[in-house]
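First comes the structure, then the notes that go with it.
These numbers come from the heavy atoms of this one structure, side chains and all, not from hydrogens, waters or symmetry mates.
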Amino acid sequence: MKLKESNDNSRFNRHPDAATPISVNVGVAAQIACLVLPGVIMIPTVVFRAAGQPEAVLQWAVFASVAISGITAIIQARRISRIGAGYILAVGPAIAAIAVSIAALSAGGPALLATLVVCLALVEFLLSTHLSFLRRMLSPTVTGTVLMLTPITIMPVLFDQSNFGLEDFSLIGAGISAFATMILIVGITMVGKNVMRFWGPIVGIVLGSIIGSLFGLYDIERVANAAWIGLPKFEAVFLDLQFKSEFWVLLPAFVLVALVCTMQTISGAVGIQQVSYEDKKAVDFRAVQGAIAGDAFGNLLSGLACTMPLGFRPAGASMVEISGVSSRRIGITLGILLILLALFPKALAVILAIPGPVVAAFITVTMATIFVIGVRVILQDKIDYRKGLIVGVSFWAGVAFQTQTIVIDQVPELLHALLQNGMLAGGIVAIVLTLLLELTKPRRHRKEVGFNASALRQIGEFIDSLASKTGWDLQMVERVNAVCEEVWLTMLRKDELGTDKGRRLQLTVHNEDRGVVLEFVSGKGVDNIQDRIAILGEANAAAMIEQDISLRLLRHLASSVRHQQYYETDIVTVRMDRKHMPSTE
């Protein structure tokens, strides 16, 4: 995917194709790196030490995690074929994989871990190609709830990291440096414009570090002792393909972690799209599929490099929201920066030496934006009392599991470790409640037709037959038929009518509350209908084409239109409320 160099994309334009200058790219990428690096380094350090691995293996795992996180960030931003989202997506060692990674290393060493991580990557590749089948389970309600739970899950871990060794220093200095950092970041971000806005976090971090250094909080010794250039020694470890009992015992846990990482990546890919454009746009699920495939590719590299699996980090979306810049060039720069940091320990030490209280203040601000992004994702799905109940119950269940308010001591050890992750526990509750809601909905009626001259007649006969069973009045029948006709015409490729290309349309209809929901599923063929309806008001009426007329009629007839685009599949969901029905007179 090439970056557009159009003059229309000014340096402050919020668009993935914006041609931002190098200084902006490096500045925002460095801030994201400050957010993700502590976890990228500390998590594998904790995991490999807990599993009793030699220091050389640990150093290689940390190096590989940093470098592969950088490679994956480049792939996510650049998008190679169907691998990558095309947006700023940061990754790092998956928190949900801590327990299972320790278990794998303890049971079979790096070789067993490598094999299981490769299996995890293959599961993610499979999920990326079949994401449309999971659309009811992984709805915006679920993904938004997972985003809201992200700060609840991540902040305790990161605060623990930032507090290592803090007892040896002045608590007053820690408080002052943290307070100064937060005040500067929040103040500059709220009041500043353009350049000042996206440099605000760096100003806060630098000045907070200077204040912290006056109290001895900046680890100058770490920087002084770090080598300028270094590459850990790596002894080749081959995949354990003997598939002993340890492999089969741990495989289900790694599959579960793959589902968790996929759910987090979906949430992240949806969230970054919500903040990457000036104008509101429908979610492009092809980018979501690409994001999952990008993470799968990164995990494949992680498996081959004998380190733990990677997962989504919310730093990219939070920095876009704070800085107002969303160019994918920043994602590419982030990847290059991480790779260079992995090769230059001295530069890595400069960032890692930043005082813990300063990092904690920075994280607090960014996690607040992630929570709000999660709320925004939920609201864009036309939330009702049922979805609101799912969000409320799932969120507080996640908080309860994370804070161990719900006692789960009697469950198996691996499951116990996973359920202590509030994001996972809350996500599972949201998925279960969503599936329960789907099962309680009225029976769905289906009809499949081809894109040919007889399609509208077949659909009309199906609707008439269905109306006699459900008791629709004449007005409802007319409106449903009209909606079906307009959607069919909009989805129809001009060169397909009268030809036999094998493209099919499946229509699903069911009653819901005081309305009717129609779902149209077909192969690829149109631009996003939801976006096109949204911009109709900006179009020149004199220049309308025939399809614009269909879209205007569809907007007039429907209460809501949602278009989900996947590779090879288009799904258009139309809701028609009875109170919304216009008069036929």
Under 3.5 Å: donor-acceptor pair, side chain of R329, backbone of A77: no
Side chain proximity check, L251 to C119, heavy atoms < 4.5 angstrom: yes
Minimal non-hydrogen separation, V36 against A90, with atom names: CG1-CB, 3.9 Å
Under 3.5 Å: donor-acceptor pair, side chain of S177, backbone of G212: no
I330 and I32, any side-chain heavy atoms less than 4.5 Å apart: yes
Reported CD1-to-CG distance for the pair I336 and N25, which is rounded to 0.5 angstrom: 9.5 Å
Interatomic distance, L439 atom CG to T434 atom OG1 [nearest 0.5 angstrom]: 11.0 Å
Sub-4.5 Å side-chain heavy-atom contact between L343 and F63: yes
Donor-acceptor under 3.5 Å (T129 side chain, L126 main chain): yes
CD1-CD1 distance between I339 and I74, expressed to the nearest 0.5 angstrom: 4.0 Å
Side-chain donor/acceptor of R79 to backbone N/O of A85, under 3.5 Å: yes
Closest non-hydrogen atom pair between G303 and L239, with its separation: O-CD2, 4.3 Å
Minimal non-hydrogen separation, W248 against F243, with atom names: NE1-O, 3.1 Å
Donor-acceptor under 3.5 Å (W60 side chain, T307 main chain): no
Within-4.5 Å side-chain heavy-atom neighbours: F125 and L127: no
Evaluation steps, side chain to side chain contact (heavy atoms under 4.5 Å, CB included), between L437 and L433: CA-CA 6 Å; L437 178 61; L433 292 178; over 6 Å; no
Atom of C306, atom of A114 and distance for their closest heavy-atom approach: SG-CB, 3.9 Å
Residue pair L113 / F48, side-chain heavy-atom distance below 4.5 Å: yes
Evaluation steps, side chain to side chain contact (heavy atoms under 4.5 Å, CB included), between V57 and L105: CA-CA 11 Å; V57 175; L105 286 168; 6.0 Å; no
Over 12 foreign heavy atoms within 6.0 Å of CZ, F297: no
Exam field: side chain Q273 to backbone D284, donor-acceptor pair closer than 3.5 Å: yes
Considering all heavy atoms, the nearest V91-R313 contact: C-CG, 3.7 Å
Interatomic spacing from CD1 in I88 to CD in Q76 - rounded to 0.5 Å: 12.0 Å
I22 atom CD1, neighbour heavy-atom count above 12 within 6.0 Å: no
Atom pair CD1/CG of I71 and L338 - distance to nearest 0.5 Å: 10.5 Å
V393 vs I390 side-chain heavy atoms within contact, under 4.5 Å: no
4.5 Å side-chain heavy-atom contact, V26 and L337: no
Y277 and Y87 aromatic ring geometry - parallel, tilted or perpendicular at 30°/60° bounds: perpendicular
Test item: Q53 side-chain N/O and G109 main-chain N/O as donor-acceptor pair under 3.5 Å: no
L116 and L120, any side-chain heavy atoms less than 4.5 Å apart: no
Pairwise distance OG(S101) to CG(L112) - rounded to 0.5 angstrom: 10.5 Å
For the student: nearest non-hydrogen atoms of A291 and L89, plus distance: CB-CD1, 3.7 Å
Residues that T265 engages under side chain to side chain donor-acceptor pair (under 3.5 Å), provided they are two or more places apart: D295
